[in-house]
2 protein chains.
Amino acid sequence: MHKPRKEMIAETRAKLIAAARHAFGTIGYAEASMDDFTASAGLTRGALYHHFGDKKGLLQAVIAEIDGEMAARVNEVAARAPTRWQHFVDECTTYIEMALEPEIQRIMFRDGPAVLGDPAQWPNANACIASMAGHLTTLQEEGVVVSGLDPETASRLINGASSQAAQRIANSNDPEATSKKVVTAFKQLLEGLLKRPGPQPN
Amino acid sequence: MHKPRKEMIAETRAKLIAAARHAFGTIGYAEASMDDFTASAGLTRGALYHHFGDKKGLLQAVIAEIDGEMAARVNEVAARAPTRWQHFVDECTTYIEMALEPEIQRIMFRDGPAVLGDPAQWPNANACIASMAGHLTTLQEEGVVVSGLDPETASRLINGASSQAAQRIANSNDPEATSKKVVTAFKQLLEGLLKRPGPQPN
DNA sequence: ACAATTACATACGGAGCGTATGATTGTTAA
DNA sequence: TTAACAATCATACGCTCCGTATGTAATTGT
């Protein structure tokens, strides 16, 4: 009895997820050979099929893990901010910053949707959207944001714009300059949500 | 001499593109067997590799064709509109409507980016974006839209939001109702581009 | 302690892809 | 006109990858 059973199982699951995450994030889902990255974890496809059913199931597990990390990072930034509106804007820009990382971009915004379909339908990967939608709701109640629009819908649209924003920065040969252009355009779009006659925060 | 040579070649190219387009648009790129859909066109993979190099090359050709059609449809709607701003808004909503079609959604917004990478880098598939960016530029010169933002960047962000909008409508079980919610939220975002103190068109 | 279940590896068959080669047809120049 | 040439497309082969079926060792329940 060297180790408790449950720990070994959790360990192999974690090793598989980590190996798959690295492979998916670098060479991509389609090019990632199950034989290869299971071997890099010291295992075989047998373990993979046992724990995750198939390649898609493993991708779902990887996505759930990344989504949890992203939500944690967003909530972390969410801790303190001058105004609620600024808080919301920071949340969005943080989302863009996270989307700049190649692993997140590849898995969450490219291969993920292609393999698993509409991210809105994913079971365990909507924490960030939920958070944004919640803040939008309170902003509406406070009269900062125009009423009459569905918070989750708006969050999804913003999310789509964020994804494009991150792609544009990431693929630029002058990321510093384009980052400024992208962020200003993005914030400009966000201001469309603000109530008109009211004074602008800041 | 039954037919001129060049016509036969163009015909086989067209048949391959049509067959691939149907397969990619229904079962998706990854699930589409080259043997199957070339056979459905009365050909083999030999013709495919000769004309397009590989499966990716054929996808590029399919995308170029669809992009041309989309640009044509956008320009068609662009013909007459009350104001330039309304014209721009119509252009965007037309884009959403096109993105509602399963074939376009699957090929242009899901499998395409996953296989070929960032759409902004595609060689022959940016006609719609270019059109939108052009209109944004003139709107800026006329003082309708705020200055200081890059037109193409803004177009890309709007494009990303449009894609999400279409997905949300398409996957809804009540497309009629969600369509209203999505379009209102989308237009609200667009109004962020308008100059504040000026009178709103309409 | 012994049956039953779990966790994982191994083995097998099939499908899909890319390349190399071959055959047929149209084009071109002498 | 015809012979060499090039282009178009089909066929054949080997490879990699995936999914399932099966095997085995270890662990749990009783």
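What you see is a predicted model, and the numbers here were worked out from it, not measured in a lab. Throughout, protein chains are lettered first and strands after them, A, B, ... in sequence-line order, and every chain is numbered starting at 1.
Between B/Glu101 and B/Arg73 there is a salt bridge, since a side-chain N of the basic residue sits under 4.0 Å from a carboxylate O of the acidic one.
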Checklist entry - side-chain hydrogen bond (donor to acceptor under 3.5 Å, both in side chains) between A/Thr178 and A/Arg168: does it pass, once the steps are laid out? => result CA-CA 8 Å; A/Thr178 54; A/Arg168 196 159 174 74; over 6 Å; no
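What separates CG of A/Asp35 from P of C/dT10 is a distance of 11 Å, to the nearest Å. D/dA7 atom C1' lies 14 Å from atom CZ of B/Arg13, rounded to whole Å. In this entry the distance linking CE of B/Met8 with P of D/dC9 reads 8 Å, nearest Å. In this entry the distance linking CD of B/Glu31 with P of C/dA15 reads 14 Å, nearest Å. The CD atom of B/Glu7 sits 11 Å away from the P atom of C/dT27 (whole-angstrom rounding). The CZ-C1' distance, from A/Phe37 to D/dT16, rounds to 15 Å in whole Å. Going from atom CG of B/Leu16 over to atom P of D/dT8 covers 13 Å, rounded to whole Å.
Dashed line: the shortest gap from a side-chain N or O of A/Thr12 to OP1 or OP2 of C/dA7 is not under 4.0 Å.
Residues of residues 39-61 of chain A that place a heavy atom closer than 4.0 Å to DNA chain C, in numerical order, are A/Gly42, A/Leu43, A/Thr44, A/Arg45, A/Gly46, A/Ala47, A/His50, A/His51.
Taking the six-membered ring where the residue is Trp, A/His135 and A/His87 present perpendicular rings, their angle passing 60° and hence far from 30°.
Here the side chain of A/Asp118 pairs no donor or acceptor atom with the backbone of A/Gln121 at under 3.5 angstrom.
Considering only side-chain atoms of A/Ile9, the nucleotide from C/dA7, D/dG19, D/dT8 that sits closest is C/dA7.
In this structure, a donor-acceptor pair under 3.5 Å is present between the side chains of A/Tyr95 and A/Asn159.
At the heavy-atom level, B/Ala30 lies nowhere under 4.0 Å from the strands shown.
Annotation: salt bridge (charged side-chain N to carboxylate O under 4.0 Å, His left out) contacts of B/Glu103 (sequence neighbours excluded): B/Arg21.
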